[in-house]
Amino acid sequence: MQTARPFAIKRFISLFAILLLVAGCAVAPPVQEMSDARQAISAAREAEATRYAPELLREAEHYLDMAEKELASGHYIDARTSALVAKEEAMRARDEAVAASAR
């Protein structure tokens, strides 16, 4: 019976380590998402979205501001979501600006 006990302890430690690893991944700051959103907004500005798609650009900037506030308060999941929305809106603004300037 004593041989089963070390196995149970090793199993418990392994499961605990896996849980810590998974939990650590779930709460990591959304650094890459924030960077992607900033780059997309910059690309939209370079494509003159301020002129051709100002509403979409404002939306992107709004969501990036929200993401920054959420990040600062430790709400990483919300910050990640807001940063992804900011990137999508910025990409839409850029696409619209490119299309409008080509006309």
Side-chain angles (χ1 to χ4, degrees):
M1 190 90 122
Q2 289 181 355
T3 58
R5 196 168 205 184
F7 176 74
I9 291 172
K10 287 180 183 178
R11 186 173 179 191
F12 174 77
I13 291 172
S14 296
L15 288 173
F16 185 71
I18 290 170
L19 285 173
L20 283 178
L21 180 65
V22 170
C25 292
V27 294
V31 176
Q32 186 62 52
E33 290 86 349
M34 298 289 286
S35 176
D36 291 347
R38 287 186 191 99
Q39 289 176 1
I41 289 172
S42 179
R45 287 182 182 139
E46 288 175 17
E48 297 189 61
T50 306
R51 178 178 175 188
Y52 295 110
E55 294 161 9
L56 289 172
L57 183 60
R58 274 195 297 275
E59 280 293 306
E61 291 168 338
H62 168 74
Y63 279 103
L64 180 60
D65 288 342
M66 281 179 48
E68 289 171 346
K69 290 173 185 170
E70 291 160 347
L71 181 65
S73 59
H75 299 229
Y76 297 154
I77 294 171
D78 294 336
R80 178 173 283 109
T81 301
S82 295
L84 291 171
V85 172
K87 178 185 172 186
E88 289 298 319
E89 291 298 309
M91 290 170 52
R92 287 181 54 213
R94 183 195 168 281
D95 291 347
E96 191 170 306
V98 168
S101 66
R103 291 182 206 142

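Quantities reported herein were computed from a predicted structural model and do not represent experimental measurements. Note: hydrogens, waters and symmetry copies are ignored here, and every other heavy atom, side chains too, is used.
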Side-chain atoms of residues 47-64: list all donor-acceptor pairs with protein atoms under 3.5 Å, sequence neighbours left out, distances to 0.1 Å.
from: E61; atom 1: OE2; to: R45; atom 2: NE; distance (Å): 3.3
from: E61; atom 1: OE2; to: R45; atom 2: NH2; distance (Å): 2.5

Just distance, no hydrogens or angles: give the donor-acceptor pairs under 3.5 Å from side chains in residues 84-103, sequence neighbours left out.
from: E89; atom 1: OE1; to: R92; atom 2: NH1; distance (Å): 3.3
from: E89; atom 1: OE2; to: R92; atom 2: NH1; distance (Å): 3.1
from: S101; atom 1: OG; to: A97; atom 2: O; distance (Å): 3.1
from: S101; atom 1: OG; to: V98; atom 2: O; distance (Å): 3.1

Validation: residues 33-44 side-chain donor-acceptor distances under 3.5 Å, sequence neighbours left out:
from: E33; atom 1: OE2; to: R80; atom 2: NE; distance (Å): 3.0
from: D36; atom 1: OD1; to: Q32; atom 2: NE2; distance (Å): 2.8
from: R38; atom 1: NH2; to: E68; atom 2: OE2; distance (Å): 3.4

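When each of E70, H75, K69 is tested with S82 by the rule side chain to side chain donor-acceptor pair (under 3.5 Å), just one qualifies, namely E70.
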